[in-house]
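This report concerns only the one structure given below.
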Amino acid sequence: VQLQASGGGLVQPGGSLRLSCAASGSISGIAHMGWYRQAPGKKRELVARITRNDSTTYGNFVKGRFTISRENAKNTVYLQMNALKPDDTAVYYCNVLAGSIYWGQGTLVTVSS
């Protein structure tokens, strides 16, 4: 099973980015798909998670700025991030629960002027 994340980059404060993560390989019965992030010197934390029934959970810091969605036919999860702040700078990892837990390689998001 492989998770390929994309969409990170450099953005100015207040800007937007859309992350994508596609799961491929021998994978079936995906339950949760989600995004975590880890900033330098900090622990990895949940950004957002979505179940197969489209139930969502967000980290407290999101405060309505991010939206997670998934496209089941493509085993893909998206994270639309708006109103980005410098504190959102981190490596963002996608995560899939399908019997086992799988992690993507991470994509760097840098919010800076």
Quiz item: Is Val96 reachable from Tyr93 through a run of I, L, V, M, F, W or Y residues, each pair having side-chain heavy atoms under 4.5 Å apart?
Solution: no
Quiz item: Applying the 4.5 Å side-chain criterion to the ILVMFWY set and letting contacts propagate, would Leu46 and Leu19 be lumped into a single cluster?
Solution: no
Quiz item: Is there a side chain to side chain contact (heavy atoms under 4.5 Å, CB included) between Val11 and Met81 once you walk through the steps?
Solution: CA-CA 11 Å; Val11 64; Met81 302 188 293; over 6 Å; no
Quiz prompt | For Tyr78, ring-ring contact (aromatic ring centres under 6.0 Å, His included) partners two or more places apart | solution = none
Practice problem: Sequence neighbours left out, what pairs pass salt bridge (Lys or Arg N to Asp or Glu O under 4.0 Å) with at least one residue falling in residues 55-69? | Solution: Arg65-Asp88
Practice problem: Please answer whether the main-chain N or O of Ala5 pairs with a side-chain N or O of Gln105 as donor and acceptor at a distance below 3.5 Å. | Solution: yes
Quiz item: How long is the span from the CG atom in Leu10 to the CG atom in Leu108, to the nearest 0.5 Å?
Solution: 9.0 Å
Quiz prompt | Over all atoms of both residues, closest heavy-atom pair of Ser16 and Asn82 | solution = OG-OD1, 2.9 Å
Practice problem: Check the hydrophobic clustering (I, L, V, M, F, W, Y; side-chain heavy atoms under 4.5 Å; chains of links allowed) and say if Val62 and Met33 are grouped together. | Solution: yes
Exercise. Begin from the C-alpha positions of Arg49 and Tyr36 and carry the test side chain to side chain contact (heavy atoms under 4.5 Å, CB included) through to its verdict.
Key: CA-CA 9 Å; Arg49 182 173 58 232; Tyr36 287 71; 3.7 Å; yes
Exercise. Evaluate the side chain to side chain contact (heavy atoms under 4.5 Å, CB included) criterion for residues Asn75 and Ser24: first the C-alpha distance (whole Å), next the side-chain angles of each, then the deciding distance (0.1 Å), finally the verdict.
Key: CA-CA 7 Å; Asn75 287 335; Ser24 61; over 6 Å; no
Exercise. Check Ala23 against Leu3 and note the closest heavy-atom contact, atom names and distance.
Key: CB-CD2, 3.3 Å
Self-check item: Thr107 and Ser6, any side-chain heavy atoms less than 4.5 Å apart
Solution: no
Quiz item: Would you find a donor on one side and an acceptor on the other, under 3.5 Å apart, between the side chain of Arg70 and the backbone of Thr51?
Solution: yes
Practice problem: Sorted by first residue and then second, give each ring-ring contact (aromatic ring centres under 6.0 Å, His included) pair with at least one member in residues 55-75; sequence neighbours left out. | Solution: none
Practice problem: Return yes if some donor-acceptor pair links the side-chain N/O of Ser113 with the main-chain N/O of Gln12 below 3.5 Å, else return no. | Solution: no
